[in-house]
Amino acid sequence: MTDAAPPYPASTYRAATDPGLVPATWKNLVMLALAAFALLTPGLFSLPPVDRDEPRYATATSQMLDSHNFIDIRLQDKPRYLQPAGVYWLQAIPTALFSAPGHRSIWTFRLVSLLGAVLAVVMTGWQASRLFGRSVGLAAALMLAACLSLGFEAKIAKTDAALLAAVVTAQFALMRVYLKPDASRLNAAAFWVALGVGVLLKGPIILLVTGLTVLTVCLMDRRVRWLGRLQPLWGVPLMLLVAAPWYVAIGLASHGEFYRIAIGSSLMGKVAAGQQAHGAPFGYHLMAFPVTFWPASLLAVMAIPYVWRERKTPTVRFLLCWIVPSWIVFELVKTKLPHYVLPLFPAIACLTAMSLFSVRTPVRAWVKGLFALFLLLWIGLGVALSGLAPAVLWNALKVIDPLAVGLALATAASVAVLGWSAWKRRPEHALVAVACASFFGSTAAYTVAAPRLQSFWLSPRVEALVQAAAPCPQSLLISTPYHEPSLVFLNGPFATVLAKTPVEAADRLVAVGSCGMALVGEKQAPDFLARAAAENLPLRRLGQLQGRDYADNRNLTLTLYATGSPTLTSASAVR
């Protein structure tokens, strides 16, 4: 992966039209897309629905398709006002094409995330190669595709991978306007359309990243005239044309309730407090970076001297303005999840790739010593991540899986090669090792280990028991205390009731009659049985299963009951 011209330090990137910079060809981009699919696809089909956010999105999309209400999105009988409707519309397309109503598979909802992640990778490779040369552009895209955070988001039916594609499009269009006085109107249109799509996907997040980038660049340069090349007179109306119709429609349909919940409760709640036990101190994202950007996090840290040396050049300054202010904001927000800083990873990947293909940056002995220490710690982290899949299988199942062990050894070998290549400054070897470590590691985790951990996947087991023992074709399942959204998705939003108490579960079963079933936890069973006895409700046990609710970090023993004779039926075996 080399340019026709030799690598250049960042000081030659400032024009973005340097004739020595060779952009990627369409063949390069096709190969990049294939590599991204190979790195990001493992687990897409094998992972069951992952609690909690993924099945909520999928269930809401499924209800939207069934109800044909594409404005006021619902989750069971409650409005889904935490996010805009854009991701539900996108998920509806492959789901409508590839799934029959009532028999929907989670992978169809995940396709939007996979395609969004691949698009973000390809856009990074294409645009960065136009600005920095083919080697830098393709290297940055490959590191982005390989990073652990995007690898997870690409196979989960949520908003973040699709949002990343919109952020990449907007930010690189903005960067071209900043670096090139002759940036085209098509480039400006791409910027405004990407902003509109991003606002439809996740509200103000894309405006936060882009707005802070623009503000910081203007403050550092003390000039704003370059913003005129964005054509805001027709660009802002174009963005509003994309995003505003739904926002107006939902405001009218919900009588303003959407804005109260989405902004007042959800957005401001995340800023002021750690919602859903996701609070963390300032510095969380920085401490998590070696893992979230793994395996290229080693190369990113070793790029720091280069970035510091070239911090005043326009390209590096712009990328730093993309990263630093938004990173600080995400650290200040009380609620923290690892993927929050994902929109900043393309810029980090670009800086890292520029460092790889630059003139060596001399460093002092104490800095080199720190790098050596970080390298040792990073190798330890890599070895730990490499052995995670076989270790989990042994701990949970007491089995030694040869494929998991082989993939772990291959991942560890890739980690060793990457460490050696980074220290010796061998960029081509380092990039191959990054791709190999990511592929072997994700395959071991998502394809080999995770699907076999049946005790962690309670909802599919409950659904199999319900289907085998259902007393009626249209039975109603009442569950307490197991309330995971994956159960609602698998069993159906209107065939599932999440009872708050065992007494409520018994009362619901009385009301439903012979076509009802109750899934009751071991600790809740005495109160449930006492209430059923008080209501003269005969019960029969259909089956029992044990497992771990990983979302709540607790072990559960769940028993499935139905009305009728207490004599056990053929479906009552403990499962």
Supply the atom-to-atom distance Leu39 CG to Leu142 CG, rounded to the nearest 0.5 angstrom. 6.5 Å

Using the rule side-chain contact (heavy atoms from CB on, under 4.5 Å), only one of Val242, Leu240, Leu207 pairs with Val199; which is it? Leu207

In Å, rounded to the nearest 0.5 Å, how long is the span from CG of Leu201 to CG of Leu164? 11.0 Å

Determine, stepwise, if the pair Trp126 / Phe172 fulfils ring pair (Phe, Tyr, Trp, His ring centres under 6.0 Å). CA-CA 10 Å; Trp126 177 43; Phe172 276 111; 9.7 Å; no

Arg425 side chain near Ser358 side chain, heavy-atom distance below 4.5 Å: yes

With a 3.5 Å cut-off and no angle check, do the side chains of Thr108 and Thr95 form a donor-acceptor pair? yes

Spell out, as yes or no, whether a donor-acceptor pair under 3.5 Å connects the side chain of Asp160 to the backbone of Glu153. no

Step by step, work out the side-chain contact (heavy atoms from CB on, under 4.5 Å) result for Met220 and Cys321. CA-CA 9 Å; Met220 293 186 69; Cys321 292; 3.6 Å; yes

A quick test of your reading: do over 12 heavy atoms of other residues, nucleotides or ligands sit less than 6.0 Å from CD1 of Ile400? no

Which pair of non-hydrogen atoms, one from Ala33 and one from Val122, has the smallest distance, and what is that distance? CB-CG2, 3.8 Å

Do the side chains of Phe374 and Leu298 get nearer than 4.5 Å, heavy atoms only? yes

Any pair with a residue in residues 372-385 that passes side-chain hydrogen bond (donor to acceptor under 3.5 Å, both in side chains), sequence neighbours left out, goes on the list, sorted by first then second residue, please. Ser297-Trp378

CZ/Arg185: more than 12 non-hydrogen atoms of other groups inside 6.0 Å: no

Just by distance, do the side chain of Lys312 and the backbone of Arg317 share a donor-acceptor pair under 3.5 Å? no

Side-chain H-bond candidate by donor/acceptor type, Asp221 with Tyr178, under 3.5 Å: yes

Determine yes or no for a side-chain-to-main-chain donor-acceptor pair under 3.5 angstrom, with Thr443 supplying the side chain and Phe439 the backbone. yes

Between Asp51 and Arg56, does at least one N-O distance fall below 4.0 Å, as a salt bridge requires? no

Mind listing the closest non-hydrogen atom pair of Ala194 and Ile206 along with its distance? O-CD1, 3.5 Å

Working for side-chain contact (heavy atoms from CB on, under 4.5 Å), residues Glu331 and Lys336: CA-CA 8 Å; Glu331 292 284 16; Lys336 292 182 177 69; 3.6 Å; yes

Answer with yes or no after comparing the ring centroid distance for Phe109 and Tyr57 against a 6.0 Å cut-off, counting only values under it. no

Considering all heavy atoms of both residues, which atom of Ile348 and which atom of Thr352 are nearest to each other, and what is their separation? O-OG1, 2.7 Å

Any heavy-atom pair between the side chains of Tyr284 and Phe330 that's under 4.5 Å? no

Any sub-3.5 Å donor-acceptor pair from Ser438's side-chain atoms to Ala146's backbone N or O? yes

Parallel under 30°, tilted from 30 to 60°, perpendicular over 60°: which one fits the rings of Tyr340 and His285? tilted

Please indicate whether Arg364 has more than 12 foreign heavy atoms, meaning atoms of other residues, nucleotides or ligands, lying under 6.0 Å from its CZ. no

Do NZ/NE/NH1/NH2 and the carboxylate oxygens of Arg110 and Glu54 come within less than 4.0 Å? yes

Does one side chain, of Thr213 or Gln171, offer a donor that lies under 3.5 Å from an acceptor on the other? yes

For Trp234, is the CH2 atom crowded, meaning more than 12 foreign heavy atoms sit under 6.0 Å from it? yes

Distance from Leu381 atom CG to Leu376 atom CG, nearest 0.5 Å? 12.5 Å

In terms of side-chain heavy atoms, does Asn28 have a donor or acceptor partner in Thr25 at a distance below 3.5 Å? yes

Looking only at heavy atoms, the pair that brings Thr411 and Ala437 closest together is CG2-O, 3.8 Å

Any donor-acceptor pair under 3.5 Å linking the side chain of Ser421 with the backbone of Leu418? no

Side chain to side chain, Leu409 and Phe440, heavy atoms closer than 4.5 Å: no

Do you know which two heavy atoms are closest between Ala154 and Ala117, and how far apart they sit? CB-CB, 3.7 Å

Thr315 and Met175, any side-chain heavy atoms less than 4.5 Å apart: yes

From CA spacing to verdict: side-chain contact (heavy atoms from CB on, under 4.5 Å), Tyr446, Lys155: CA-CA 10 Å; Tyr446 298 125; Lys155 53 185 66 69; 3.7 Å; yes

Looking at every heavy atom in both Pro451 and Ala445, which two are closest together, and how far apart are they? CD-O, 4.4 Å

Just checking Phe345 against Trp322, ring centres under 6.0 Å apart? no

Euclidean distance, Phe152 CZ relative to Lys158 NZ, rounded to 0.5 Å: 7.0 Å

For Trp192 and Pro232, indicate whether the former's side chain and the latter's backbone hold a donor-acceptor pair under 3.5 Å. no

CH2/Trp327 to CG/Leu320 distance, rounded to the nearest 0.5 angstrom? 12.5 Å

Do NZ/NE/NH1/NH2 and the carboxylate oxygens of Arg229 and Asp182 come within less than 4.0 Å? no

Within this structure, what is the CG-CG distance for the pair Leu111 and Leu44, rounded to the nearest 0.5 Å? 6.0 Å

Are Leu138 and Ser129 close enough, and set up right, to give a side-chain contact (heavy atoms from CB on, under 4.5 Å), and what steps lead you there? CA-CA 7 Å; Leu138 296 179; Ser129 74; 5.5 Å; no

For the side-chain contact (heavy atoms from CB on, under 4.5 Å) test, which of Cys350, Pro346, Pro314 pairs with Leu319? Cys350

Donor-acceptor pair, distance only, cut-off 3.5 Å: does the side chain of Trp226 make one with the backbone of Lys180? no

Are Trp89 and Leu200 close enough that some pair of their side-chain heavy atoms sits under 4.5 Å apart? yes

Can you check whether Trp423 and Phe371 have ring centres sitting under 6.0 Å from each other? no

Flag the pair Leu163 / Val87 as yes when at least one side-chain heavy-atom distance between them is below 4.5 Å, and no otherwise. no

Is there side-chain contact between Leu342 and Ser149, with heavy atoms separated by less than 4.5 Å? yes

